[in-house]
Visitor: 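Take this structure first; my questions come after.
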Amino acid sequence: MTAQHQVRAHYDARTIVVYQAYSPAVADPSLRAKRFVTPFSFNRMTWIKPSFLWLMHRSNWAQKPGQERILAVRITRAGWEEALSRAVLTTADPADIDRAPVHVQWDPERSLRGAALNHYSIQVGVGRGLIRTFAEDWVVDLTDVTPQVRRISALKQSGRSAQAQRLLPAERIYPVPSAIAKNLLVDG
(Lines give C-alpha, C1' and ligand atoms only; values in the text may rest on other atoms or scores of the structure.)
Protein backbone atom coordinates (compact mmCIF):
# COMPACT_ATOMS: atom_id res chain seq x y z
CA MET A 1 0.00 0.00 0.00
CA THR A 2 1.27 3.47 -0.89
CA ALA A 3 1.91 5.84 2.01
CA GLN A 4 -0.55 8.73 2.08
CA HIS A 5 1.88 11.64 2.43
CA GLN A 6 5.27 11.27 0.78
CA VAL A 7 7.16 13.78 -1.31
CA ARG A 8 7.70 12.29 -4.76
CA ALA A 9 10.08 14.21 -6.99
CA HIS A 10 12.76 14.16 -9.64
CA TYR A 11 16.00 14.93 -7.79
CA ASP A 12 19.71 14.28 -7.64
CA ALA A 13 22.34 14.64 -4.92
CA ARG A 14 22.25 18.46 -5.01
CA THR A 15 18.95 19.58 -6.58
CA ILE A 16 15.23 18.87 -6.85
CA VAL A 17 12.89 19.74 -9.72
CA VAL A 18 9.64 21.56 -8.99
CA TYR A 19 7.11 22.63 -11.58
CA GLN A 20 5.27 25.88 -12.17
CA ALA A 21 2.87 27.05 -14.86
CA TYR A 22 3.04 30.59 -16.25
CA SER A 23 1.82 32.76 -19.06
CA PRO A 24 4.28 33.35 -21.92
CA ALA A 25 4.65 36.94 -20.65
CA VAL A 26 6.25 35.62 -17.45
CA ALA A 27 7.96 32.50 -18.81
CA ASP A 28 9.73 33.99 -21.85
CA PRO A 29 11.77 36.75 -20.16
CA SER A 30 12.66 34.44 -17.27
CA LEU A 31 13.84 31.71 -19.64
CA ARG A 32 15.92 34.24 -21.60
CA ALA A 33 17.50 35.51 -18.37
CA LYS A 34 17.88 31.94 -17.01
CA ARG A 35 16.33 33.16 -13.76
CA PHE A 36 13.04 34.68 -12.64
CA VAL A 37 12.70 38.33 -13.68
CA THR A 38 9.76 40.72 -13.89
CA PRO A 39 6.94 40.36 -14.70
CA PHE A 40 7.41 37.36 -12.36
CA SER A 41 5.90 38.64 -9.11
CA PHE A 42 8.31 39.09 -6.25
CA ASN A 43 5.41 40.44 -4.16
CA ARG A 44 3.11 37.45 -3.78
CA MET A 45 3.34 33.81 -2.78
CA THR A 46 4.53 31.43 -5.49
CA TRP A 47 3.51 27.77 -5.38
CA ILE A 48 6.01 25.09 -6.33
CA LYS A 49 5.06 21.49 -6.97
CA PRO A 50 7.40 18.50 -7.31
CA SER A 51 4.64 16.38 -8.88
CA PHE A 52 4.58 16.71 -12.66
CA LEU A 53 1.16 15.04 -12.99
CA TRP A 54 -0.41 17.20 -10.29
CA LEU A 55 0.64 20.32 -12.17
CA MET A 56 -0.65 18.82 -15.41
CA HIS A 57 -4.01 18.40 -13.71
CA ARG A 58 -3.88 21.95 -12.31
CA SER A 59 -2.86 23.58 -15.61
CA ASN A 60 -5.00 21.30 -17.80
CA TRP A 61 -1.85 20.17 -19.61
CA ALA A 62 -0.74 23.79 -20.23
CA GLN A 63 -4.10 24.80 -21.69
CA LYS A 64 -5.50 26.88 -18.83
CA PRO A 65 -5.29 30.65 -19.52
CA GLY A 66 -2.22 32.11 -17.82
CA GLN A 67 -0.72 28.64 -17.41
CA GLU A 68 0.24 27.87 -21.01
CA ARG A 69 3.94 27.40 -20.27
CA ILE A 70 5.27 24.75 -17.93
CA LEU A 71 8.66 25.35 -16.35
CA ALA A 72 10.79 22.73 -14.64
CA VAL A 73 12.49 24.76 -11.94
CA ARG A 74 15.60 23.08 -10.57
CA ILE A 75 16.33 24.33 -7.05
CA THR A 76 18.91 23.35 -4.46
CA ARG A 77 17.93 20.62 -2.05
CA ALA A 78 19.19 22.93 0.72
CA GLY A 79 16.68 25.57 -0.40
CA TRP A 80 13.88 23.01 -0.69
CA GLU A 81 14.56 21.72 2.79
CA GLU A 82 14.80 25.25 4.17
CA ALA A 83 11.38 25.99 2.69
CA LEU A 84 9.93 22.82 4.21
CA SER A 85 11.53 23.56 7.59
CA ARG A 86 9.85 26.98 7.68
CA ALA A 87 6.47 25.72 6.47
CA VAL A 88 3.12 25.49 8.19
CA LEU A 89 0.32 23.28 6.95
CA THR A 90 -2.61 25.19 5.46
CA THR A 91 -4.82 23.29 7.91
CA ALA A 92 -3.05 24.84 10.92
CA ASP A 93 -4.34 27.61 13.15
CA PRO A 94 -5.12 30.65 10.94
CA ALA A 95 -2.83 32.89 13.02
CA ASP A 96 0.06 30.48 12.47
CA ILE A 97 -0.66 30.36 8.76
CA ASP A 98 -0.67 34.16 8.53
CA ARG A 99 2.78 34.36 10.16
CA ALA A 100 4.35 31.47 8.24
CA PRO A 101 6.84 32.29 5.47
CA VAL A 102 5.94 29.04 3.68
CA HIS A 103 2.65 27.16 3.36
CA VAL A 104 2.23 23.46 2.62
CA GLN A 105 -0.88 21.70 1.48
CA TRP A 106 -1.50 18.11 0.44
CA ASP A 107 -3.75 17.45 -2.54
CA PRO A 108 -4.70 14.12 -4.13
CA GLU A 109 -2.00 12.96 -6.55
CA ARG A 110 -3.19 12.46 -10.11
CA SER A 111 -2.89 9.69 -12.64
CA LEU A 112 -1.88 10.27 -16.26
CA ARG A 113 -5.60 10.55 -17.08
CA GLY A 114 -6.16 13.06 -14.25
CA ALA A 115 -7.99 10.76 -11.84
CA ALA A 116 -7.42 11.40 -8.14
CA LEU A 117 -5.23 8.71 -6.58
CA ASN A 118 -5.33 7.39 -3.02
CA HIS A 119 -2.21 9.25 -1.92
CA TYR A 120 -1.28 12.91 -1.77
CA SER A 121 1.09 15.32 -3.49
CA ILE A 122 2.76 18.21 -1.70
CA GLN A 123 2.32 21.82 -2.82
CA VAL A 124 4.66 24.40 -1.29
CA GLY A 125 3.78 28.09 -1.20
CA VAL A 126 6.87 30.27 -0.87
CA GLY A 127 5.78 33.54 0.72
CA ARG A 128 6.77 37.12 -0.08
CA GLY A 129 9.51 37.17 2.53
CA LEU A 130 11.35 34.32 0.80
CA ILE A 131 10.59 34.98 -2.87
CA ARG A 132 13.90 36.74 -3.56
CA THR A 133 15.81 33.98 -1.78
CA PHE A 134 13.92 31.38 -3.83
CA ALA A 135 14.52 33.19 -7.13
CA GLU A 136 18.09 34.37 -6.54
CA ASP A 137 19.64 31.72 -4.27
CA TRP A 138 17.71 28.46 -4.60
CA VAL A 139 16.91 28.36 -8.33
CA VAL A 140 19.78 26.89 -10.33
CA ASP A 141 18.01 26.27 -13.66
CA LEU A 142 14.79 26.97 -15.53
CA THR A 143 13.71 24.67 -18.36
CA ASP A 144 10.68 25.06 -20.59
CA VAL A 145 9.08 21.61 -20.67
CA THR A 146 5.98 22.76 -22.54
CA PRO A 147 6.90 20.83 -25.73
CA GLN A 148 7.23 17.64 -23.65
CA VAL A 149 3.90 18.40 -21.95
CA ARG A 150 2.18 18.78 -25.33
CA ARG A 151 3.70 15.56 -26.64
CA ILE A 152 2.64 13.56 -23.57
CA SER A 153 -0.84 15.08 -23.74
CA ALA A 154 -1.20 14.24 -27.45
CA LEU A 155 -0.12 10.64 -26.83
CA LYS A 156 -2.53 10.38 -23.92
CA GLN A 157 -5.38 11.82 -25.99
CA SER A 158 -4.72 9.41 -28.87
CA GLY A 159 -4.88 6.38 -26.59
CA ARG A 160 -1.14 5.77 -26.44
CA SER A 161 -0.89 5.94 -22.66
CA ALA A 162 2.03 3.51 -22.41
CA GLN A 163 4.12 5.76 -24.68
CA ALA A 164 3.00 8.84 -22.75
CA GLN A 165 3.90 7.18 -19.44
CA ARG A 166 7.47 6.55 -20.63
CA LEU A 167 7.95 10.29 -21.23
CA LEU A 168 7.01 11.32 -17.69
CA PRO A 169 9.81 12.58 -15.44
CA ALA A 170 11.21 9.91 -13.14
CA GLU A 171 9.87 10.77 -9.70
CA ARG A 172 10.78 8.85 -6.57
CA ILE A 173 10.31 9.27 -2.86
CA TYR A 174 12.31 12.23 -1.56
CA PRO A 175 14.02 11.66 1.82
CA VAL A 176 12.54 14.47 3.90
CA PRO A 177 14.54 14.90 7.13
CA SER A 178 12.60 13.39 10.03
CA ALA A 179 12.27 16.63 12.05
CA ILE A 180 10.69 18.35 9.04
CA ALA A 181 8.60 15.33 8.05
CA LYS A 182 6.88 15.16 11.43
CA ASN A 183 5.68 18.80 11.24
CA LEU A 184 4.32 18.37 7.70
CA LEU A 185 2.66 14.96 8.17
CA VAL A 186 5.12 13.27 5.79
CA ASP A 187 4.92 9.49 6.20
CA GLY A 188 8.19 7.87 7.23
Visitor: Which residue pairs pass the side chain to side chain donor-acceptor pair (under 3.5 Å) test when at least one of the two sits in residues 172-181, sequence neighbours left out?
Guide: Tyr11-Arg172, Arg77-Tyr174, Glu81-Tyr174
Visitor: For Arg74, give me all partners under salt bridge (Lys or Arg N to Asp or Glu O under 4.0 Å), at least two apart in sequence or on another chain.
Guide: Asp12
Visitor: Determine the minimum heavy-atom distance between Leu53 and Ser111, stating which atoms define it.
Guide: CD1-C, 3.9 Å
Visitor: Hydrophobic clusters join Ile, Leu, Val, Met, Phe, Trp and Tyr when side-chain heavy atoms are under 4.5 Å apart, directly or via other members; which others share one with Ile173?
Guide: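 Cluster partners of Ile173: none, it stands alone.
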Visitor: Does the side chain to side chain contact (heavy atoms under 4.5 Å, CB included) test come out yes or no for Val102 and Leu84, once each step is laid out?
Guide: CA-CA 7 Å; Val102 178; Leu84 295 181; over 6 Å; no
Visitor: Find the distance between OG (Ser121) and NZ (Lys49) and round it off to the nearest 0.5 Å.
Guide: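 Here the interatomic distance stands at 9.5 Å.
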Visitor: According to a hydrophobic-cluster definition based on side-chain heavy atoms being under 4.5 Å apart (Ile, Leu, Val, Met, Phe, Trp, Tyr only), do Met45 and Tyr19 belong together?
Guide: no
Visitor: Is there a donor-acceptor pair under 3.5 Å between the side chain of His103 and the backbone N or O of Ile97?
Guide: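 Confirmed, His103 side chain pairs with Ile97 backbone.
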Visitor: Any chance you could measure Glu68, atom CD, to Ser59, atom OG, to the nearest 0.5 Å?
Guide: 9.5 Å
Visitor: How would you list, by chain and number, every residue that makes a side-chain contact (heavy atoms from CB on, under 4.5 Å) with Ala181, sequence neighbours excluded?
Guide: Val176, Val186
Visitor: Holding to side-chain hydrogen bond (donor to acceptor under 3.5 Å, both in side chains), I want the full list of residues that pass it with Glu171, two or more places apart in sequence or in another chain.
Guide: none
Visitor: Is atom CZ of Arg128 surrounded by more than 12 heavy atoms (other residues, nucleotides or ligands) closer than 6.0 Å?
Guide: no
Visitor: With a 4.5 Å limit on heavy-atom distance, are the side chains of Val7 and Pro50 in contact?
Guide: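 Result yes, sub-4.5 Å side-chain heavy-atom pair found.
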Visitor: With Ala116, which residues qualify under side-chain contact (heavy atoms from CB on, under 4.5 Å), at least two apart?
Guide: Pro108, Arg110
Visitor: Is Met56 reachable from Trp106 through a run of I, L, V, M, F, W or Y residues, each pair having side-chain heavy atoms under 4.5 Å apart?
Guide: no
Visitor: Please name the pair of heavy atoms, one in Pro39 and one in Ala25, separated by the smallest distance, quoted to 0.1 Å.
Guide: CG-O, 3.2 Å
Visitor: Check whether any side-chain heavy atom of Gln165 lies under 4.5 Å from a side-chain heavy atom of Lys156, and answer yes or no.
Guide: no
Visitor: So, for Ala179 and Asn183, which heavy atoms are closest and what is the spacing to 0.1 Å?
Guide: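 Closest heavy-atom pair between Ala179 and Asn183: O-ND2, 3.5 Å.
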Visitor: Do Tyr120 and Glu109 have side chains that approach each other closer than 4.5 Å (heavy atoms only, starting at C-beta)?
Guide: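 Tyr120 vs Glu109: side chains apart.
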Visitor: Quick check: closest heavy atoms across Ala27 and Leu71, and the distance to 0.1 Å?
Guide: CB-CD2, 4.3 Å
Visitor: Using a cut-off of 6.0 Å, state whether more than 12 heavy atoms not belonging to Lys64 lie near its atom NZ.
Guide: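 For Lys64, atom NZ is crowded (more than 12 foreign heavy atoms under 6.0 Å).
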Visitor: Please determine whether residues Val104 and Val73 belong to a single hydrophobic cluster, defined as Ile, Leu, Val, Met, Phe, Trp and Tyr linked transitively by side-chain heavy-atom distances below 4.5 Å.
Guide: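 Same hydrophobic cluster.
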Visitor: Are Gln20 and Phe36 packed together at the side-chain level, in the sense that at least one heavy-atom pair is separated by less than 4.5 angstrom?
Guide: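 They are in side-chain contact.
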Visitor: Pairs under 3.5 angstrom only: tabulate donor-acceptor contacts from the side chains of residues 86-96 to other protein residues two or more places apart or in another chain.
Guide:
from, atom 1, to, atom 2, distance (Å)
Arg86, NH1, Glu82, OE2, 3.3
Asp93, OD1, Ala95, N, 2.8
Asp96, OD1, Arg99, NH2, 2.7

Visitor: Is there a path of hydrophobic side-chain contacts, each under 4.5 Å between heavy atoms, that joins Trp80 and Val126?
Guide: yes
Visitor: Residues in side-chain hydrogen bond (donor to acceptor under 3.5 Å, both in side chains) with Ser161, at least two apart?
Guide: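 With sequence neighbours excluded, Ser161 shows a side-chain hydrogen bond (donor to acceptor under 3.5 Å, both in side chains) to Arg113, given in chain and number order.
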Visitor: Give every residue pair that meets the side chain to side chain donor-acceptor pair (under 3.5 Å) criterion with at least one member in residues 26-43, sequence neighbours excluded.
Guide: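 Passing the test, one end in residues 26-43: Asp28-Arg69.
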Visitor: Could you pull out all donor-acceptor pairs under 3.5 Å where a side-chain atom in residues 145-154 meets a protein atom, sequence neighbours excluded?
Guide:
from, atom 1, to, atom 2, distance (Å)
Thr146, OG1, Ile70, N, 2.9
Thr146, OG1, Asp144, OD1, 2.5
Gln148, NE2, Leu167, O, 2.7

Visitor: Not counting sequence neighbours, which residues clear side-chain hydrogen bond (donor to acceptor under 3.5 Å, both in side chains) with Gln105? List them please.
Guide: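 Partners of Gln105 by the side-chain hydrogen bond (donor to acceptor under 3.5 Å, both in side chains) criterion, ordered by chain and then number, come out as Asp107.
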Visitor: Supply the atom-to-atom distance Asn60 CG to Leu55 CG, rounded to the nearest 0.5 angstrom.
Guide: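 If I round to the nearest 0.5 Å, the distance is 11.0 Å.
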Visitor: Assess whether side chain to side chain contact (heavy atoms under 4.5 Å, CB included) is satisfied between Ile16 and His10, documenting all intermediate values.
Guide: CA-CA 6 Å; Ile16 181 172; His10 180 74; over 6 Å; no
Visitor: Please list, one pair per line, the donor and acceptor atoms closer than 3.5 Å that link side chains of residues 130-142 to other protein atoms, with sequence neighbours excluded.
Guide:
from, atom 1, to, atom 2, distance (Å)
Arg132, NH1, Glu136, OE2, 3.3
Asp141, OD2, Thr143, OG1, 3.1

Visitor: If you group Ile, Leu, Val, Met, Phe, Trp and Tyr by side-chain heavy-atom gaps below 4.5 Å, do Tyr22 and Val124 land in one group?
Guide: yes
Visitor: Write down the atom of Gln67, the atom of Ala21, and the distance for their closest heavy-atom approach.
Guide: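 Closest approach of Gln67 to Ala21: CB-CB, 3.6 Å.
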